[in-house]
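Counting starts at 1 for both ligands and their atoms, following the listed order. Residue numbers run from 1 in the order of the sequence given.
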Amino acid sequence: MNLLALPAFTDNYLWLLHDDHHAVVVDPGQAEPVLQALQKQGLQLQAILVTHHHADHVGGVNALRQVTGAAVYGPAREAIPAPFTPLAQGHRVNVLGLGFEVLDVPGHTAGHIAYFCPQMDGAPLLFCGDTLFSGGCGRLFEGTPAQMLDSLDRLAALPGDTRVCCTHEYTLSNLKFARAVEPGNAALLQYLSRCETLRAQGHPTLPSRIDLERNINPFLRTRESAVASAAAGFAPTTDTRDAVAVLAALRAWKNDFR
Ligand code: ZN
Ligand code: FE
């Protein structure tokens, strides 16, 4: 199986999974990069998987469906370009001979879902849309901090070797924020310098891994005392024993961080 991150817009990746014959694309905000890749490699698009309703994730769905006839799957609780197969927690999608489990991960949007494949070429694979980013998480446009914490906790509990396919190349700016939160986290500083090298060479920093994210992503580390006290340094009324309050403070801090 081949896993490609097709760049789109300024910092999106359209993830394309293919077996040299058939392909699946996740969150095609644009059709053009996908059509080019299909044509160049002689692939037939079998399915389109959508994580949430934002335009940069669904903008290319209708055009791709029209040209390729691909089946569309998406979150049951969101308005995405119809017709599509509505999915929610516990559902399963079979594509390219792989089984993807659907997880409800509200927070960035109210009906956001993720797709988890327990085994693809030797390791699990996660398409998490705008819920989890490397070093960060999505903004809370429709959900609450409690929902986002629960969603992130469930993603963090996936196997450590899970490859994490996020939809945006936000890693460097996330890691600069993470460094402000946890300046003493050696794994984080090491990862930041590795990602700076990758970006300087024009390479994606993704996919990430769940075990790495657990060690460096402040939004997965709200119960660490260093993270909680940094959050309270930003928002002094934060109860440092309350992970929801810590996550809310981190998210507010990050929103204005430059
Ligand atoms: Zn989004
Ligand atoms: Fe997005």
Side-chain angles (χ1 to χ4, degrees), residues 3-17 24-34 37 48-64 72-82 84 86-89 100 102-116 125-152 154-155 163-175 177 195 199 204-208 213 217 219-220 247-248 250-252 254-257:
L3 179 64
L4 305 176
L6 308 177
F9 304 108
T10 48
D11 52 31
N12 284 65
Y13 291 125
L14 316 182
W15 290 96
L16 189 80
L17 192 59
V24 171
V25 69
V26 184
D27 285 350
Q30 287 179 319
E32 210 39 54
V34 183
I48 298 169
L49 307 182
V50 173
T51 64
H52 68 293
H53 68 87
H54 286 159
D56 64 313
H57 298 249
V58 301
V61 167
N62 281 332
L64 283 174
V72 180
Y73 298 85
R77 294 186 292 143
E78 296 196 351
I80 72 153
F84 69 100
L87 300 173
Q89 180 77 35
F100 283 87
V102 176
L103 308 172
D104 282 339
V105 286
H108 177 66
T109 62
H112 200 304
I113 60 173
Y115 298 85
F116 175 70
L125 185 63
L126 174 69
F127 295 112
C128 52
D130 287 355
T131 300
L132 174 63
F133 295 125
S134 186
C137 73
R139 284 178 187 252
L140 301 180
F141 287 120
E142 298 173 9
T144 64
Q147 284 177 315
M148 184 55 110
L149 179 69
D150 180 58
S151 296
L152 293 175
R154 286 180 300 111
L155 295 180
R163 288 159 291 181
V164 182
C165 301
C166 322
T167 326
H168 292 272
E169 181 60 71
Y170 290 160
T171 310
L172 288 184
S173 76
N174 285 340
L175 294 180
F177 173 72
C195 289
R199 294 308 292 148
T205 60
L206 302 170
S208 183
E213 294 302 319
N217 189 325
F219 294 90
L220 302 186
L247 184 128
L250 286 178
R251 192 56 263 181
K254 173 71 170 75
N255 288 348
D256 299 321
F257 187 80

Subject >> His168 ring center near His57 ring center (under 6.0 Å) >> reply: yes
Subject >> N/O/S atom name from Asp130 that is nearest to the position of the Fe ion (ligand 2) >> reply: OD2
Subject >> Phe219 vs Leu247 side-chain heavy atoms within contact, under 4.5 Å >> reply: yes
Original post:
Do the non-hydrogen side-chain atoms of Phe100 and Tyr73 ever get within less than 4.5 Å of each other?
Top reply: no
Original post:
Tally of protein N/O/S atoms under 2.8 Å from the Zn ion (ligand 1)?
Top reply: 4
Original post:
Quick one: are Pro75 and Val50 in side-chain contact, heavy atoms under 4.5 Å?
Top reply: yes
**OP:** Output the atom name for the N/O/S atom of Asp56 with the smallest distance to the Fe ion (ligand 2).
**Re:** OD2
Subject >> Short N/O/S contact of His57 with the Fe ion (ligand 2) (below 2.8 Å) >> reply: yes
Original post:
Is the distance from the Fe ion (ligand 2) to some N, O or S atom of His52 under 2.8 Å?
Top reply: no
Original post:
Is any side-chain heavy atom of Pro106 less than 4.5 Å from a side-chain heavy atom of Ser151?
Top reply: yes
**OP:** Using a 4.5 Å cut-off on heavy atoms from C-beta on, say whether the side chain of Asn217 contacts that of Leu132.
**Re:** yes
Subject >> Side chain proximity check, Leu206 to Val164, heavy atoms < 4.5 angstrom >> reply: no
**OP:** Measure up the His112 and His52 rings against each other and bin them: parallel (under 30°), tilted (30 to 60°), perpendicular (over 60°).
**Re:** parallel
